[in-house]
Amino acid sequence: MIPDETVRQILDTAKVEEVVGDFVSLRRRGSEYWACCPFHNEKTPSFHVVPSKGIYYCFGCHKGGSAVGFVMDYEHMSYVEALRYLAKKYNIEIHEKEETAEDIANRQRRESMLLVTEYASKFFHEQLRTDEGRNVGLAYFHSRGLEDETIEKYGLGWAPSDRHSFTDAAKSAGYKDEYLLDTGLCARYDNDGSLHDRFYDRVVFPVHSISGRVIAFGARTLKKKEEGQPYAKYVNSKESEIYVKNQSLYGIWHAKKEMGDKDKCYLVEGYLDVLSMHQLGITNVVASSGTSLTEGQIQLIKRFTSNVTLMYDGDDAGIHGALRGIDMFLREGMNVRVVLIPDGDDPDSYSRKHSLAEVQDFLAGAEQDFLEFKATYLLKGTERDPIKRATVINEIADSIASIPDMVKREVYLDALSEKFGIRREALSGRVDSSVAKNIESAARASSNVPYARTEPRSDEPQAVSLTSSDGVEALENDSIMGKGERGLLNFVLTDGTSKLVFETDMPDEKEEESPAVFDYICQALEDDNVEFTNDIYRNIWNAYSKEYYDGYSQKVIVRHLLDSEDRQVAFVTAQLSNNERYKLSVKDLRDSLMSHDSWLVKYVPKAILVFQSCRLDRRLTDLRNQLEALQKEGDESGQPKVMDEIIRLQKLQLAVKQKLGRGVNY
């Protein structure tokens, strides 16, 4: 573990312009630096670095953060790995904290298991040079169009037909039975307890972690199924401390950089689909081999991009898999498209029949948005059946309801309404109902599942990819309150320690000390006994509050938030502390009519009013839902009280809006 004082030394020493300058060609303009953004394609520079604030920010894709955040995003490193990188760059020696005996034992055990799997990977690969391996395993790989360079790069191998070859070799090399069994490389005979190979007489595909360590294997038999005989086409490693199936993807180690560079991932089904596509030159391809698609695998993809295209066979199984995967990706806030390989091919066979340019052209032209894909395949045969047609449209509306981002939902609602000629209001009702059910289901599920912190695997970087184009709104769990909370947090992160100098009509009265913006907003929240409802905003508020009361300056507090190991905190801080678009919208007003102090005095109280208006909206929404429930239940006795409260709050809401004045937008 890196001591806190060393972490602080690293973060304080690292200069953002020097760190970014190692990867990007920066041009100086005054006190800032500009460049074309390394995170998205652009011709006109919109990426700027501000040394005085210690931050970088892109006006195009809205990526932003500090030096450590840049290294994490650009190199796809974990927080600790990025710290080590910066320490090495600035020659800062790291003296690790002493681990407990349990820490050491667990680390050594995981490392021992990784060493065993890496030994196994080399063993299987070297078997391709034996007569059996060359005549069977290597011949098979060549028959599938794989070149020797690909076979070497991906460590493909052969497990000998003798059921003791690997076991004998591993034991002779000094590897313990405990690790051979726990990694699933070996199994015990029931009769005498001796070990034998789990993988034998099969071609072998090593599975790598995100950091490139071998963590598991998939092994394919080349024999055909015989009548009455047990048959398993694939045998895969069992789960272990180093391998969790639903959090692993085949090809991720070789694909992750291109996934980040292209801001896109192709998801296929099999090992050979990945290998053939990579060999062709399309390397942002991974597979969910050996398991159905899981949320853990989706989160792994999301670290590097929020754009995924499902590339499946065009048969019924491929269509079914795509339909299942669509909603899973949508629920995670990702943008999902589908392309089905035609003419009975799969990605493997198709890539071997065509050139790189032909495959790229096909993918670009054949990709369908999820709405178009569902409409195309689910509506087949429903032309004369209005009930089935309505069912399909409702299913598509339910998919739209899975999208967390409200703006995206609205856009897809418009598209669905236009495509089928159905009133938007009708579709909106279906979507709203589905959203409410989704929220209720999530709440019910979370209330039944105890909180458990999942520790990252020791070999795996824990880089988190946040898609900036989605904006901070995508991280909100209460969109009604989001607008008001964002407004207050924006003032705190830009002017939290600035004084609010209110004018007084009584010059003889003893002048009170002017409150800071943070103190003023904090007092308003305390007076109403409320706190932020959105988790991400509350986390930032609490972190800011702690540093504020510890006596840090505004610049240092924001810098610490940008350096946070919690990348969501760093991401939102970058957005709200550097929101140039918002500042520019009032720039002329501030320059021509009032000083910055006067501007704060006018607009901070207005931001509090907006927050209060949002609170009233939230309460009114809850009451209307309550009233609707009472009406459905036929409970007439409880309705008048709820209606009276609605009327009372509506009057308060009107009064707040009158105070805000017309034409004021936040």
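Remember, it's a predicted structure, so these values are computed and weren't measured experimentally.
Under 4.0 Å is where a charged nitrogen must lie from a carboxylate oxygen, and between Lys353 and Glu358 no such pair does. A salt bridge does not link Lys171 with Asp168: none of the charged nitrogens is closer than 4.0 Å to a carboxylate oxygen. Here Asp327 pairs with Lys374 in a salt bridge; the nearest charged N to carboxylate O distance falls below 4.0 Å. Between Glu111 and Arg213 a salt bridge is recorded (basic side-chain N to carboxylate O distance below 4.0 Å).
Under the side-chain contact (heavy atoms from CB on, under 4.5 Å) rule, Met259 has a single partner from Asn307, Val308, Asn284, Val285, which is Asn284.
Not one N or O on the side chain of Ser121 forms a donor-acceptor pair closer than 3.5 Å with the backbone of Glu118. Looking at Arg352, its side chain never comes within 3.5 Å of a backbone N or O of Leu280 through a donor-acceptor pair. No side-chain donor-acceptor contact under 3.5 Å links Ser161 to the backbone of Asp201. The closest donor-acceptor contact from the side chain of Asp197 to the backbone of Tyr200 lies at 3.5 Å or more, if one exists at all. Counting only distance, with no hydrogens or angles, the side chain of Ser276 and the backbone of Asp273 share no donor-acceptor pair below 3.5 Å. Arg188 places no side-chain N or O within donor-acceptor distance of the main-chain N or O of Leu195, the cut-off being under 3.5 Å. Side chain of Glu75 to main chain of Glu81: no donor-acceptor pair is present (N/O by atom type, distance under 3.5 Å, no hydrogens or angles).
The number of heavy atoms from other shown groups lying within 6.0 Å of CD (Glu295) does not exceed 12. Heavy-atom contacts from other residues, nucleotides or ligands closer than 6.0 Å to NZ of Lys262 number 12 or fewer. The environment of NZ in Lys225 is crowded: more than 12 heavy-atom neighbours from other residues, nucleotides or ligands sit within 6.0 Å. Heavy atoms from other residues, nucleotides or ligands lying under 6.0 Å from NE2 of His142 number more than 12.
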Is there a ring pair (Phe, Tyr, Trp, His ring centres under 6.0 Å) between Phe199 and Phe166 once you walk through the steps?
-> CA-CA 9 Å; Phe199 304 108; Phe166 169 73; 8.6 Å; no
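Smallest separation of non-hydrogen atoms from Phe123 and Pro160: CE2-CD, 4.1 Å.
The closest side-chain donor-acceptor pair between Gln297 and Ser288, if any, does not fall under 3.5 angstrom. Residues Tyr74 and Asp22 have side chains that never bring a donor and an acceptor to within less than 3.5 angstrom of each other. Defined by atom type and a distance below 3.5 Å, a donor-acceptor pair is present between the side-chain atoms of Asp192 and Ser194.
The CE atom of Met328 sits 8.5 Å away from the OG atom of Ser292 when rounded to the nearest 0.5 Å. In this structure, the separation between CZ on Phe124 and OG1 on Thr117 is 10.5 Å, given to the nearest 0.5 Å.
Between Phe70 and Phe23, the ring-plane angle classifies as tilted under the 30° and 60° cut-offs. His278 and Tyr154 have perpendicular rings, their planes meeting at more than 60° on a 0 to 90° scale where under 30° would count as parallel.
Side-chain contact between Leu363 and Thr309 is absent, with no heavy atoms from C-beta onward closer than 4.5 Å. Between Arg144 and Leu275, the closest side-chain pair of non-hydrogen atoms is not below 4.5 Å. The shortest side-chain heavy-atom distance between Ile2 and Val80 falls under the 4.5 Å cut-off.
Taking the six-membered ring for Trp and the full ring otherwise, Phe329 and Phe370 have centroids separated by 6.0 Å or more. For an aromatic pair to be called close, the ring centres must be under 6.0 Å apart, and Tyr234 with Tyr271 satisfies this. The aromatic ring centroids of Tyr243 and Phe217 lie 6.0 Å or more from each other.
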